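Following: one structure in structure tokens, then a few remarks.
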There are 2 protein chains.
Amino acid sequence: MTAKRAKRVSIKDIAREAGVSPTLVSFVLNGKQKQYRVSDQIADRIREIVKQLDYKPNGFAKSLREGTNNTIGVIVSDIANPFFANMVKNIENVAEDRGYMALFASSDEKSEKLSDQLGRMLRKEVEGVIVVPCEGSDDIIRTLVDKRIPTVLLDRYIPDIRTNYVCLDNRKAGYDATESLIKKGHRHISLLCYDLKLSNMKGRIEGYKEAMEIYGLKSEIKIQYVSMDSLERSCTKAIDKLISEGCDAVVCATNSITVMCLKHLQRLKLNVPEDIDVMGFDGGNEFDFYDSPLCFMTQPTETMAKKAVDILTHILQSDEGFITQIEAEGTISEHRPLRDN
Amino acid sequence: MTAKRAKRVSIKDIAREAGVSPTLVSFVLNGKQKQYRVSDQIADRIREIVKQLDYKPNGFAKSLREGTNNTIGVIVSDIANPFFANMVKNIENVAEDRGYMALFASSDEKSEKLSDQLGRMLRKEVEGVIVVPCEGSDDIIRTLVDKRIPTVLLDRYIPDIRTNYVCLDNRKAGYDATESLIKKGHRHISLLCYDLKLSNMKGRIEGYKEAMEIYGLKSEIKIQYVSMDSLERSCTKAIDKLISEGCDAVVCATNSITVMCLKHLQRLKLNVPEDIDVMGFDGGNEFDFYDSPLCFMTQPTETMAKKAVDILTHILQSDEGFITQIEAEGTISEHRPLRDN
DNA sequence: GATTATTGCTAATTCGTTTTAGTTAGTTTT
DNA sequence: AAAACTAACTAAAACGAATTAGCAATAATC
């Protein structure tokens, strides 16, 4: 039922046309002319015919024979999230540089979907994968690692599983974010975060606590958990509570929380940073028109993408399984509203 | 030099273990037990062993034999652009539903990169491609079509090339956008756009002109071209000019232009829509914090993605080359600032 | 002038599937 | 009891490339 497309030209067709054996064609095509001393005459003739017939090697045959296809799989948790869209773009570029092709998929933060995607990728014979694990995907990642499939986790790691990862140093990021508010003179600093078991969230929470403790604000520690599903409602509620409790600054553990938080503050006609100071995470172009000064913790996306690909390709090309775990450092960057320009 | 991974179990290993020929194993694995009347006993035994040895069919061999691999290639012009990130996500979902795997790449609006990506995809044996052509890619697309590679253009078509495409009806979108401003009572309506030969831009420009003419505003037609490379500078200049000429509304032909335009108006302390009304294209989350009411032309991304995949898979599965060209309709949607909620 | 190298090529195998064309043994039909 | 069927299986070819082993012919060596 499949469309009948023109029959492909194979190495044999070229050989027949050139009056030589397929072996020679293969030699020439793979730059082994010297090694197998194919005469220049014949080599030129072969190259000529290859061009004439517009020969393209068959990747299936090649991969079947060689057992590799220079393809890696990349599964992020949400491709439509600018942070990951950017990551994906960088990964693709680096992979290309390293001679690999990257296959992308998005799990939409659902472990069942992640499992499906992984299955499909492995069936497509990717040699290794870069995965952003989602909540509840521990077992999936565990089998992946147990099966010795070259794996690099991205953005989040799983504490019990010994494998490669490239994440932000979330503890430090949480610490630095909190510390920066403390140094600005705030005392009643609250944290707004998701109640997730994911390492990135855990790390940020820990960092927040640690900073508060070290600066003698242990009693001020106040963590508000919001829900991903009813983000707006739970954020609104959480912020109302914080404010009623006299909170003067808040660390928002993700970009989505930051956005919701700022929206509600705007609704309440509260000014940032005068009435309440806000520290965000991973700010994107949502803030193009936000008109108060604001600080963010930003991740070195490009470096992280590069590292992830490098680790993976290195595993694929070397003989044994060392493990590399990288925690990148976040940077505090400032958003300046337009009117200040 | 490649990592020595455990030898894969093949159909032969299973056959040996079960004491039957590989043929039977293949029959059972492909659900042809009935058709080739394999005894239930043997079939069960085979299935048992398949599970035991954790056999996974080799995709290369399968594809080599069958000549297909149910994979399509998708090249967008910029994966980090939310509009395309969204498109990609939708395409992936639909493709999966249709039993296809989608391979993604981003050309970053560079025709050389597009050419590279296409080459790599075709070498990976994708059966067809969905491509967002970029400026200067006409020849690349032409050879693609000439080579009979199943192709669907997305977002932009190329007038001289007879092939499938799914685009916005940009002429109508430009018309409707302009008309909506006219109906609000504006007369001095200007268009801000890129000087590109891409069909989507051309269409929007035409639509603008058409609306102006039909409503008797031909003499008011004023088109300002801005440059992609120095977007901020050229936008600033263009807007200053428009305002000095007494313009009271502007249609921005892309989202990037809309953002720049609004930023500059904010800088000039001009109010939207009182001082100058603005009509944007493809608004995203950049406007979360934009505090004036604003209208956009938005595209039915999901439907477009679906159509593109459907057209492609249909070509792949049917016998001959009909051509489908779809122009989707845009919708005007309103952005309401927070304080109005 | 016999032996050994070197040059330039080919045949044949392998990778793991799918599928077509058989084969064998057992069962009906006449 | 010969002829025709059927059920249950197997052998072999094919997909397209890479590679190893080997075979002529010519050239170099002693």
Side-chain angles (χ1 to χ4, degrees), chain A residues 1-2 4-46 49-50 53-70 122-125 127, chain B residues 1-2 4-46 49-50 53-70 122-125 127:
Chain A
M1 212 53 70
T2 308
K4 47 187 172 217
R5 256 169 288 294
K7 199 198 155 292
R8 298 187 59 132
V9 302
S10 79
I11 233 173
K12 277 183 200 163
D13 299 320
I14 306 217
R16 192 178 328 110
E17 193 71 18
V20 299
S21 73
T23 311
L24 278 201
V25 179
S26 174
F27 287 161
V28 171
L29 252 30
N30 292 299
K32 308 212 168 156
Q33 202 207 140
K34 286 273 143 56
Q35 189 185 337
Y36 290 107
R37 29 176 196 239
V38 181
S39 68
D40 290 349
Q41 242 188 46
I42 296 270
D44 287 346
R45 168 116 125 278
I46 289 175
I49 295 174
V50 162
L53 302 189
D54 189 33
Y55 165 82
K56 297 269 182 282
N58 181 312
F60 303 141
K62 197 169 201 148
S63 297
L64 173 58
R65 178 64 226 253
E66 312 205 310
T68 69
N69 65 348
N70 291 315
L122 295 175
R123 244 172 284 134
K124 292 293 172 198
E125 317 294 334
E127 295 178 34
Chain B
M1 214 52 70
T2 309
K4 47 187 173 216
R5 257 169 288 294
K7 199 198 154 291
R8 297 186 60 131
V9 301
S10 78
I11 237 173
K12 278 183 199 163
D13 299 319
I14 305 212
R16 193 178 328 111
E17 193 70 20
V20 298
S21 73
T23 311
L24 278 202
V25 179
S26 174
F27 287 160
V28 172
L29 253 31
N30 291 300
K32 310 211 167 155
Q33 202 205 140
K34 286 272 144 55
Q35 187 185 340
Y36 289 107
R37 30 175 194 237
V38 181
S39 68
D40 290 350
Q41 241 188 44
I42 295 269
D44 287 346
R45 169 116 125 276
I46 289 175
I49 295 174
V50 161
L53 301 188
D54 189 34
Y55 165 82
K56 297 271 183 283
N58 181 314
F60 303 141
K62 196 170 203 148
S63 298
L64 173 58
R65 177 66 224 252
E66 310 203 312
T68 70
N69 65 349
N70 292 315
L122 296 175
R123 244 171 286 134
K124 292 293 171 197
E125 317 294 333
E127 295 178 35

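No experiment lies behind these values; they were computed from the predicted model shown.
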Quiz prompt | Asp40(A) CG to dG8(C) P, straight-line distance once rounded to whole Å | solution = 8 Å
Exercise. Please step through side chain to side chain contact (heavy atoms under 4.5 Å, CB included) for the pair Arg45(B) and Ile49(B), ending with a clear verdict.
Key: CA-CA 6 Å; Arg45(B) 169 116 125 276; Ile49(B) 295 174; 4.0 Å; yes
Self-check item: Ala61(B) vs Phe27(B), nearer the 5' end of DNA chain C by closest nucleotide
Solution: Ala61(B)
Quiz item: Distance check: side-chain N/O of Asn30(A) vs OP1/OP2 of dA18(D), anything under 4.0 Å?
Solution: yes
Exercise. Let me know the distance between CD of Gln33(A) and C1' of dG8(C), rounded to the nearest Å.
Key: 12 Å
Quiz item: Between the main-chain N or O of Lys32(A) and the side-chain N or O of Asn30(A), is there a donor-acceptor pair closer than 3.5 Å?
Solution: no
Quiz item: Of all the choices, dT19(C), dA18(D), dC9(C), which nucleotide is nearest to the side chain of Leu24(A) once you look at every atom?
Solution: dC9(C)
Self-check item: From Ile46(A) atom CD1 to Ile11(A) atom CD1, the distance as rounded to the nearest 0.5 Å
Solution: 9.0 Å
Exercise. Starting at atom NZ of Lys32(B), determine the distance to atom C1' of dT17(C), rounded to an integer number of angstrom.
Key: 12 Å
Quiz item: Taking OP1 and OP2 of dC15(D), is either one under 4.0 Å from a side-chain nitrogen or oxygen of Lys62(B)?
Solution: no
Practice problem: Provide, to the nearest angstrom, the distance between the CD1 atom belonging to Ile46(B) and the P atom belonging to dA8(D). | Solution: 14 Å
Quiz prompt | N/O donor-acceptor pair, side chain Arg65(A) with base dA17(D), under 3.5 angstrom | solution = no
Quiz item: From the list dA8(D), dT20(C), dC9(C), which nucleotide is the closest neighbour of the side chain of Thr23(B)?
Solution: dT20(C)
Exercise. Please determine if a side-chain N or O atom of Ser21(A) lies less than 4.0 Å away from the OP1 or OP2 oxygen of dC9(C).
Key: no
Quiz item: Pick the nucleotide of DNA chain C nearest each of Tyr36(A) and Ser10(B); which residue has the one closer to the 5' end?
Solution: Tyr36(A)
Quiz item: Would one find more than 12 heavy atoms of other residues, nucleotides or ligands at under 6.0 Å from atom CD of Gln41(A)?
Solution: no
Quiz item: Which nucleotide sits closest to the side chain of Val20(B): dT17(C), dA18(D), dT10(D)?
Solution: dT10(D)
Quiz item: Of the nucleotides dG8(C), dC9(C), dG16(C), which has the atom closest to the Leu64(A) side chain?
Solution: dG16(C)
